[in-house]
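Structure first, then comments.
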Amino acid sequence: QSALTQPPSASGTPGQRVTVSCSGSSSNIESNTVNWYQQLPGTAPKLLIYSSDQRPSGVPDRFSGSKSGTSASLAISGLQSEDEADYYCAVWDDSLSGPVFGGGTKLTVL
Amino acid sequence: QVQLQESGPGLVKPSQTLSLTCAVSGGSISSGTYYWNWIRQPAGKGLEWIGRIYTSGSTNYNPSLKSRVTISIDTSKNQFSLILSSVTAADTAVYYCARARYLAWFDSWGQGTLVTVSS
């Protein structure tokens, strides 16, 4: 049972906008910034969003992140087939004194 | 650009000890304010943080694994290591090493190495 709750799946058609939610608690999301990772099949996770809403160099601006209270969201606009992957949220948990991951959301591009 | 590479046995017998090393290239493991982490992922499942080490040698471990985990760092070899004792089949996973700039902000990852626990 992950400390962070994500929907197991999400889907959209090319060009659509999809969002992935991440629900936590006062000891993690409410107290710290959220990070998002994209994991393509058979590869290591890749940093997609850091500090809740910042994109690393090279990440398209189609990807955006937000946080409010004990929840966070990843939005992908102009969905492309190459966006089909697993997406994970991660945040420091003050109770655990360590980082926790969401269970992951598998995004399917229809 | 820093690169990380995991290495170690791909097969470990139950009750024995799993040992992995992460070699860091393209930068010094001692430079900057980074934490060096181990993360694992069982097949078809999510990511689990195992623990981290700072260049000073200070460590933090996941409480669920703390009694079996040791992470060490060798700055002369630019690498850090994971030891997980008394392994069971539940420890079968892909093990990743990763650099963290801050808390849960992992900006560089190794490619991962599959470790299977089986007799």
Side-chain angles (χ1 to χ4, degrees), chain A residues 1-9 20 22 24 27-59 65 67 72 85-106, chain B residues 1-7 20 22-24 33-54 58-67 69 71 82 90 93-115:
Chain A
Q1 197 78 358
S2 301
L4 304 177
T5 301
Q6 295 181 236
S9 64
V20 178
C22 176
S27 67
N28 44 62
I29 292 181
E30 190 167 55
S31 307
N32 298 292
T33 58
V34 180
N35 308 278
W36 290 91
Y37 299 88
Q38 178 193 58
Q39 187 175 33
L40 298 170
T43 68
K46 168 193 164 186
L47 179 67
L48 201 61
I49 297 289
Y50 67 94
S51 297
S52 298
D53 59 6
Q54 301 298 303
R55 281 187 311 279
S57 173
V59 173
K67 188 190 92 162
D86 293 325
Y87 292 85
Y88 293 91
C89 57
V91 63
W92 185 267
D93 190 291
D94 294 334
S95 298
L96 175 70
S97 292
V100 289
F101 290 92
T105 297
K106 183 175 185 61
Chain B
Q1 180 176 338
V2 70
Q3 292 186 315
L4 292 78
Q5 178 68 59
E6 306 89 350
S7 62
L20 296 174
C22 181
V24 179
T33 54
Y34 300 113
Y35 283 88
W36 304 93
N37 297 257
W38 287 98
I39 295 162
R40 69 181 183 179
Q41 184 175 36
K45 296 188 178 181
L47 300 162
E48 180 182 34
W49 177 72
I50 299 170
R52 69 177 189 174
I53 190 165
Y54 192 57
S58 67
T59 54
N60 300 99
Y61 300 128
N62 188 323
S64 68
L65 299 168
K66 187 174 183 177
S67 63
V69 174
I71 297 176
L82 168 70
V94 173
Y95 285 75
Y96 295 101
C97 57
R99 185 181 78 171
R101 280 179 173 267
Y102 181 67
L103 300 183
W105 176 0
F106 303 104
D107 66 343
S108 295
W109 295 68
Q111 65 184 28
T113 187
L114 173 63
V115 178

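Proteins get letters first, then strands, A, B, ... in listed order; numbering begins at 1 in each.
- Closest of all the heavy-atom pairs between B:Trp105 and A:Leu47 is NE1-CD2, 3.2 Å.
- B:Glu48 and A:Phe101 make their closest contact through N-CD1, 4.4 Å (heavy atoms, listed as atom of the first residue, atom of the second, distance).
- Heavy atoms of A:Ser2 lying under 4.5 Å from chain B are absent altogether.
- B:Gln3 CD: 12 or fewer foreign heavy atoms inside a 6.0 Å radius.
- Atoms CG and OH, from B:Leu103 and A:Tyr50 in turn, are 14.5 Å apart once rounded to the nearest 0.5 Å.
- There is no contact between B:Arg101 and chain A, counting heavy-atom distances below 4.5 Å.
- Between B:Trp109 and A:Tyr37, the distance separating the two ring centers is shorter than 6.0 angstrom.
- Residue B:Gln41 holds its CD atom at 4.5 Å from OH of A:Tyr88, rounded to the nearest 0.5 Å.
- Scanning all heavy atoms of the two residues, the minimum distance from B:Phe106 to A:Pro99 falls at CZ-CG, 3.8 Å.
- Heavy atoms only, all atoms of each residue included: A:Leu96 and B:Pro63 are closest at CD1-CD, 3.0 Å.
- For the residue pair B:Gly110 and A:Ala44, the shortest heavy atom distance occurs at O-CB, 3.2 Å.
- Proximity to chain B (any heavy atom under 4.5 Å) is shown, for A:Asp93, by neither the backbone nor the side chain.
- Contact detail for B:Tyr96 and A:Pro45: the closest heavy-atom pair is CZ-CD, 3.9 Å.
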